[in-house]
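A short write-up of the structure that comes next.
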There are 2 protein chains.
Amino acid sequence: MSKRRRPTPAKMADIARITGVHVSTVSRALAGSPLVAEGLRERIVAVARERNYVVNSTARNLRLQRTETVSVVVPLGHEGVQGLTDPFYVEMLAHLADDVTQRGHSMLLQKILLPTDGWLAHLIASRRADGIIVIGQNTEHRALEEAAASYRPMVVWGGHLERQAYCTVGTDNVGGARAVVRHLLDTGRRRIVFLGNPSMPEMLLRERGYREALAEGPGDAAAPCTIPSRFTVEAAYEALRTFIRQGGSFDAVFGATDVIALSAIRALRDAGLDVPRDVAVAGFDDVSLAAHGTPSLTTVRQDLARGSRTLVDLLFRRIRGEDTDSVVMPAELVVRESSASPLASLRRVSRAESAPSPP
Amino acid sequence: MSKRRRPTPAKMADIARITGVHVSTVSRALAGSPLVAEGLRERIVAVARERNYVVNSTARNLRLQRTETVSVVVPLGHEGVQGLTDPFYVEMLAHLADDVTQRGHSMLLQKILLPTDGWLAHLIASRRADGIIVIGQNTEHRALEEAAASYRPMVVWGGHLERQAYCTVGTDNVGGARAVVRHLLDTGRRRIVFLGNPSMPEMLLRERGYREALAEGPGDAAAPCTIPSRFTVEAAYEALRTFIRQGGSFDAVFGATDVIALSAIRALRDAGLDVPRDVAVAGFDDVSLAAHGTPSLTTVRQDLARGSRTLVDLLFRRIRGEDTDSVVMPAELVVRESSASPLASLRRVSRAESAPSPP
DNA sequence: TTGAAAGCGCTACCAC
DNA sequence: GTGGTAGCGCTTTCAA
């Protein structure tokens, strides 16, 4: 309603005037410089605190030629709001917020919906941040390659591809996928499908691990079969429903992410199939939901706390001008109910179902 | 490894030199001022684009006395990483990222773990942002009140309390809670417990709605009973398990949030109780998970897209110096499986259980 | 130890 | 229309 005047916040010159010294002395005092006499410094700090004065970071940053800010950017293809809602990204974000803050920097969060040409170059050129952390390559491998040619302080969470120019931190996607598919084969599954979108590097690597495990597996295992699906709840659900409706035959689903795998479980149940009796399901990520559903989800754990720490650590080294190699962290297979052996399930089921008809 | 020199990015003076005009002209041209001759402007813009020049926002902001940035801050008590992971916050964040970006501003994300005295005053004084959006009051009502006395551009997502000084946007918590509890009473439940932490304003209001509905309900309904629980998966699970173990008697649980309600379902199941046959469960928020679980969750929907838009809209009006009133949005009851009538369940169950029936 | 002054990169006012 | 210039609030070099 009323447009009252905003109270002008104190500036360094005000503090200087009040304490009767020059601004440069205030600046030194507030920065804890040993040049300022002990007593004077205390007096200045006291006045500053009393007036609730905090150094203007814009002016400070202009002078110092830095921003004390890290940009965290999430490129999303057609995933929309849902994309950022994937628990994987979220847990990563929460960790990054901690780790970046701990280094005394602010965190700028940027969602890039439907990346347009030059978005990354523009983001870099605007110099709103001292460094950039990109979460997930999505379909932006090319843009990242180009940016890395001239811009150093950037680290990417994602899959490590051959001969890539940019620095990544990520899990051993191939190894993790191999382990989980081998586990499915070991528990008697023979027609395993892959549900995911191999146009994203991480998914591509997981699919590669899937193919490798099948190639090394028993001779009676069915050939690899990839059902393309974006990584949203709805997309995965629909993709699998369609596959089932079209008569696709399989006894296990390896979802490229946990969100995909959990959607697969729902699609299977809605199609009247039992998990794990009829179809085993496994995912990738080990988001917190994975352990709590019914059935709980077999998956591959990614250590996000460590991932976040590594991302931030490498980024700050790059900001300092160092060069850093990519980091591939080991993956850990987590076996839960959704991939229980069909034989075990059969036993359990027969007990329940045979009860009414006493032999 | 090698500490290569970072290439110095172009500045406005460079563009001026190249095009043979003065910086002020470049500034005007890039700002699209009608003062610059058409042809000249195009030439300048072309050179800038070619050199990949983007205006230095720090310098620009210092000159313009603003930051083109909005701070989104999430105060967390003892919830830790889990707090930010609550799907409710996350969906809100994703929307805010869109809405803030759409206004041409950047979004600073700040998690405040275990708020210390003066955190908000400090955040405001640092002037890293033109305005602040606080998501959830948590236990910071006092701090918000104090800040609002002198700082205008701040909007808070949360419950609207009597005589509060700061501007909030939120759902009608009392009304939503009343509706859901009335629904539980209507479907035959009589011993309804509230699971949540009334020290947070939103939860307090939901608890008030719960009490009001019970007070207005049938005479044979049990007195209100609040089981204190923080809003993390683990806390809610443990709180209810303990209550059950101590012999608490109830036939319905109203969780203060969906995350709490979903944890309650797990706790009940693990205790051998069937939802909704033995105990009905309802939540608040309608996060995307609520619809997809087994059983699906009865809850109160909050319109986050609208909430986010309103928050951002009010904030920008306040940044412009306007005064704005708080907004309370209507709540919508969403009835799903978790609160199905015990009679209906009984019928279904008896059909299934009477078949084997050998005692 | 403290003060004075330059200057970070930009925008806007005032001349012409 | 365009150029010159002051100044946003701060840090740091150089003098004293």
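Note on naming: letters A, B, ... go to the chains in the order of the sequence lines (proteins, then strands), and numbering restarts at 1 for each one.
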Please produce a list of atom pairs where a protein N or O lies less than 3.5 Å from an N or O of nucleotides 13-16 of chain D.
{"unit_1": "dT13(D)", "atom_1": "O4", "unit_2": "Arg28(A)", "atom_2": "NH1", "d": "3.3"}

Once you round it to whole Å, what is the distance between [atom2] of [N] and [atom1] of [X]?
X	N	atom1	atom2	result
Arg43(B)	dG1(D)	CZ	C1'	14 Å
Arg128(A)	dG9(C)	CZ	P	17 Å
Leu30(B)	dC10(C)	CG	P	9 Å
Arg66(A)	dC10(D)	CZ	C1'	12 Å

Side-chain donor/acceptor pairs under 3.5 Å, residues 58-76 of chain B, sequence neighbours excluded:
{"unit_1": "Asn61(B)", "atom_1": "ND2", "unit_2": "Ser57(B)", "atom_2": "O", "d": "3.0"}
{"unit_1": "Asn61(B)", "atom_1": "ND2", "unit_2": "Thr67(B)", "atom_2": "O", "d": "3.3"}
{"unit_1": "Thr67(B)", "atom_1": "OG1", "unit_2": "Thr69(B)", "atom_2": "N", "d": "3.3"}
{"unit_1": "Thr67(B)", "atom_1": "OG1", "unit_2": "Asp130(B)", "atom_2": "N", "d": "3.0"}
{"unit_1": "Thr67(B)", "atom_1": "OG1", "unit_2": "Asp130(B)", "atom_2": "OD1", "d": "2.7"}
{"unit_1": "Thr69(B)", "atom_1": "OG1", "unit_2": "Thr67(B)", "atom_2": "O", "d": "2.9"}
{"unit_1": "Ser71(B)", "atom_1": "OG", "unit_2": "Gln110(B)", "atom_2": "OE1", "d": "3.2"}

key: Interatomic spacing from CG in Leu93(A) to OG in Ser308(A) - rounded to 0.5 Å   = 9.5 Å
message = So, taking the atom named CG in Asp86(A) and the one named CE in Met92(A), what distance separates them when rounded to the nearest 0.5 Å?
response = 11.5 Å
query = Any side-chain heavy atom of Ile135(A) within less than 4.5 Å of one from Tyr89(A)?
reply = yes
Indicate whether any N or O donor in one side chain lies under 3.5 Å from an N or O acceptor in the other, for [X] and [Y].
X	Y	answer
His160(A)	Gln164(A)	yes
Gln137(A)	Tyr166(A)	yes
Thr324(B)	Arg318(B)	yes

request  = Name the residue closer to the 5' end of DNA chain D, choosing between Ala13(A) and Leu40(B) according to the nucleotide with the nearest heavy atom.
outcome  = Leu40(B)
Would you list the protein and nucleotides 7-9 of chain D atom pairs, both N or O, that sit under 3.5 Å from each other?
{"unit_1": "dG7(D)", "atom_1": "N2", "unit_2": "Arg63(B)", "atom_2": "NH1", "d": "3.3"}
{"unit_1": "dC8(D)", "atom_1": "O3'", "unit_2": "Gln65(B)", "atom_2": "NE2", "d": "3.2"}
{"unit_1": "dC8(D)", "atom_1": "O2", "unit_2": "Arg63(B)", "atom_2": "N", "d": "3.4"}
{"unit_1": "dG9(D)", "atom_1": "OP1", "unit_2": "Lys11(A)", "atom_2": "NZ", "d": "3.3"}
{"unit_1": "dG9(D)", "atom_1": "OP1", "unit_2": "Gln65(B)", "atom_2": "NE2", "d": "3.0"}
{"unit_1": "dG9(D)", "atom_1": "OP2", "unit_2": "Lys11(A)", "atom_2": "NZ", "d": "2.7"}
{"unit_1": "dG9(D)", "atom_1": "N2", "unit_2": "Ala59(A)", "atom_2": "O", "d": "3.4"}

key: Val327(B)/Met329(B) under side chain to side chain contact (heavy atoms under 4.5 Å, CB included): CA gap, chis, key distance, verdict   = CA-CA 6 Å; Val327(B) 172; Met329(B) 307 188 305; 4.0 Å; yes
query = Counting just side-chain N and O atoms, does His22(B) come under 4.0 Å of either OP1 or OP2 of dT2(D)?
reply = no
query = Are Thr25(B) and dG3(D) close enough that a side-chain N or O sits under 4.0 Å from OP1 or OP2?
reply = yes
